[in-house]
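Numbering of ligands and ligand atoms starts at 1, following listing order. Note: hydrogens, waters and symmetry copies are ignored here, and every other heavy atom, side chains too, is used.
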Amino acid sequence: MVRVRLRNPDRVEQLEGALTVGELLDRLDINPATVLVICAGSLVTADHQLGDADEVEIRPVISGGAGGPTCVVCRRAAVIEEPRHRAAWCPTHFVDHVHNQIRKAIDHPQASPSRERMFSYADRILVAVSGGKDSLALWDVLLDLGYRADGLYIGLGIGGYSRRSQQICEDFAAARGARLHVVDLAETYGYSTVTGSQATTRSTCGVCGLSKRYVFNRVAVEHGYDAVATGHNLDDEAATLLGNVLRWHDDFLARQRPVLPAMGTNQVRKCKPLYRLSEREMAAYCVIRGIDYVVEECPLVDGNTGHEHKNILNALERAAPGAKAQFLFGFLDRHDRFGEADRDGDAPVVGACTRCAMPTVGEVCAFCRQRERILAALPVLSGATAAPTHPTTGS
Ligand code: AMP
Ligand code: ZN
Ligand code: ZN
């Protein structure tokens, strides 16, 4: 065993076997031109044979470049630091870190009363992809980990932003040989986020959110998927939590969990495998993996309180790294305090919507009610049928 002392930062490595100094530097991926190697007080050259009990010091000689953060795993130069983990990583080990966090989220999701995994390798997963960094990174990781994951892109009719997002999702799917479902809201349901919001007094985000949640579930049901996965990350979930706490939305708090089991028929389990990873980590993952994503924000979001809450949490995080994760994970660890109707036995009875057969607690589901209001106000666009099936296009 050769003991090797490295500098900047100071650390010790143990290496197996008899080897030359040149082989040692090779194994540690160190350029011989940037260091001196010292053995028993003397300088040694690359051909010097090291014995089992030898101790060597590798001393950097290039000034100015040293002292940068190094990877916590392999000590090579780091490309990203995360104060929350008091860690920095090289590209390879950062990808491992992202995989590990997602693995942990899938296998041991917090606030899962039955302690069940989000999904298994046997399950068919529908990943809702927006073309943004989070959902494409999620799809990429699930495919890499060997899960059966297809994509779903919903065309929301937000002009060039929607067209660019769709193209990026299609290119990603083609490059990975993965299946992508595409549902265009206007073609299938007769309205877009923009016209739907104009026709009602609802905000664009309100119309959009309800439509997306409905289509995720409906496509999953119609194509027999076991779970829907979305790209909600740590920042999204912490901001939602702050909003729910500020308004003491007990019912929303009860339902804010990384995995929501299906309730009743025609409902598919919903999962958020990125809830342990920050926005910044997801962006870094995409850059490292060369994933092209839509960097621009949805042009309709301004004035969204979610962004305010994210800013506040980022200010806290800056002063106290880890605050955001503590806030969210701490909540999830004591989630049972936020009594859930279905666990108290007085859960509302979930039945089937009389228009579309999707689950609802009333007679007509919120989506169908919203759609009927929109189409009544937009007669020109009401060509679509009342209970359409999905003409999804896919590769
Ligand atoms: P957002 O509601 O825009 O913050 O997005 C949250 C998650 O919803 C994303 O990470 C995606 O998984 C999914 N999503 C958003 N927009 C779309 C879309 N147009 N098509 C499919 N999934 C989407
Ligand atoms: Zn490394
Ligand atoms: Zn309905």
Side-chain angles (χ1 to χ4, degrees), residues 28-29 69-80 87-97 125-139 142 151-158 161-166 168-169 180-185 189 192-193 204-206 208-221 228-233 235-237 239-240 266 270-275 277 279 282 288 293-294 297-298 300-301 304 306-307 310 351-372 386-388:
L28 296 171
D29 206 31
T70 57
C71 173
V72 286
V73 182
C74 72
R75 298 292 168 196
R76 283 181 213 165
V79 293
I80 175 160
W89 296 273
C90 71
T92 306
H93 292 117
F94 180 70
V95 170
D96 284 353
H97 157 72
I125 303 148
L126 185 65
V127 186
V129 285
S130 63
K133 61 188 186 321
D134 306 297
S135 47
L136 285 181
L138 172 61
W139 197 9
L142 293 182
L152 164 64
Y153 174 80
I154 305 171
L156 298 160
I158 310 174
Y161 171 74
S162 287
R163 279 193 300 278
R164 284 188 288 281
S165 308
Q166 179 170 343
I168 278 184
C169 292
L180 176 71
H181 300 268
V182 177
V183 172
D184 186 84
L185 205 57
Y189 296 102
S192 70
T193 291
T204 48
C205 293
C208 181
L210 177 58
S211 308
K212 279 190 292 197
R213 284 192 298 277
Y214 178 85
V215 176
F216 295 163
N217 186 67
R218 184 152 176 183
V219 172
V221 167
V228 168
T230 55
H232 292 94
N233 57 39
D235 294 71
D236 296 326
E237 292 303 292
T240 301
N266 280 346
K270 282 184 225 142
C271 316
K272 298 171 182 172
L274 301 186
Y275 84 95
L277 288 155
E279 202 116 71
M282 296 327 297
I288 287 171
Y293 65 89
V294 190
E297 280 292 315
C298 171
L300 307 178
V301 297
N304 185 329
H307 279 213
K310 279 189 180 174
C353 168
T354 53
R355 305 279 197 280
C356 74
M358 291 297 117
T360 177
V361 289
E363 195 183 314
V364 178
C365 77
F367 174 83
C368 286
R369 277 184 281 130
Q370 170 178 276
R371 177 165 177 259
E372 282 165 15

Quiz prompt | Side chain, backbone, both or neither: the part of Leu156 lying under 4.0 Å from ligand 1 by heavy atom | solution = side chain
Quiz item: Got Cys298 and Ile158 here, is their nearest side-chain heavy-atom distance under 4.5 Å?
Solution: yes
Quiz item: Which protein heavy atom lies closest to atom 5 (O) of ligand 1, and at what distance to 0.1 Å?
Solution: Lys212 NZ, 4.3 Å
Quiz item: To the nearest 0.1 Å, how far is atom 20 (N) of ligand 1 from its closest protein heavy atom, and which atom is that?
Solution: Ile154 N, 2.9 Å
Quiz prompt | Protein contact of atom 21 (C) of ligand 1 - nearest heavy atom, named by residue and atom, plus distance | solution = Val129 O, 3.1 Å
Quiz item: Nearest heavy-atom pair of Ala128 and Thr230: which atoms, and what distance?
Solution: CB-CG2, 4.1 Å
Quiz item: Short question: side chain of Asn266, backbone of Ala357 - any donor-acceptor pair under 3.5 Å?
Solution: yes
Quiz item: To the nearest 0.5 Å, what is the distance between NE2 (His93) and CD1 (Ile80)?
Solution: 15.5 Å
Quiz item: Sub-3.5 Å donor-acceptor pair from the side chain of Arg369 to the main-chain atoms of Val364, do we have one?
Solution: yes
Practice problem: To 10°, measure the SG(Cys74)-the Zn ion (ligand 2)-ND1(His93) angle for me. | Solution: 110°
Quiz item: Got a protein heavy atom sitting under 4.0 Å from atom 12 (O) of ligand 1?
Solution: yes
Quiz item: With the Zn ion (ligand 3) at the center, what angle do SG from Cys353 and SG from Cys368 span, rounded to 10 degrees?
Solution: 110°
Practice problem: Could you tell me whether Ala229 and ligand 1 have an N or O pair separated by under 3.5 Å? | Solution: no
Quiz prompt | pair Asp134-Glu279: side-chain heavy atoms closer than 4.5 Å | solution = yes
Quiz item: What protein heavy atom sits nearest atom 7 (C) of ligand 1, and how far off is it?
Solution: His232 CE1, 3.8 Å
Exercise. Report the angle formed at the Zn ion (ligand 3) by atom SG of Cys365 and atom SG of Cys356, rounding to the nearest 10°.
Key: 120°
Quiz prompt | Geometric class of the Phe367/Tyr214 ring pair [parallel <30°, tilted 30-60°, perpendicular >60°] | solution = parallel
Quiz item: Can you tell me how far the CG atom of Leu185 sits from the NZ atom of Lys212, to the nearest 0.5 Å?
Solution: 10.5 Å
Exercise. Look only at the side chain of Ser165 and the backbone of Gly131, and say whether a donor-acceptor pair between them is shorter than 3.5 Å.
Key: no
Exercise. Could you tell me whether Leu152 approaches ligand 1 through its side chain, its backbone, both or neither, with non-hydrogen atoms closer than 4.0 Å?
Key: backbone
Exercise. Considering only non-hydrogen protein atoms, determine which one is nearest to atom 17 (C) of ligand 1 and report residue, atom name and distance to 0.1 Å.
Key: Ser130 CB, 3.5 Å
Practice problem: If you have a sec, work out which protein heavy atom is nearest atom 8 (O) of ligand 1 and how many Å separate them, to one decimal? | Solution: Phe216 CZ, 3.9 Å
Quiz item: Which residue and non-hydrogen atom of the protein lie closest to atom 9 (C) of ligand 1, and at what distance in Å?
Solution: Gly231 N, 3.9 Å
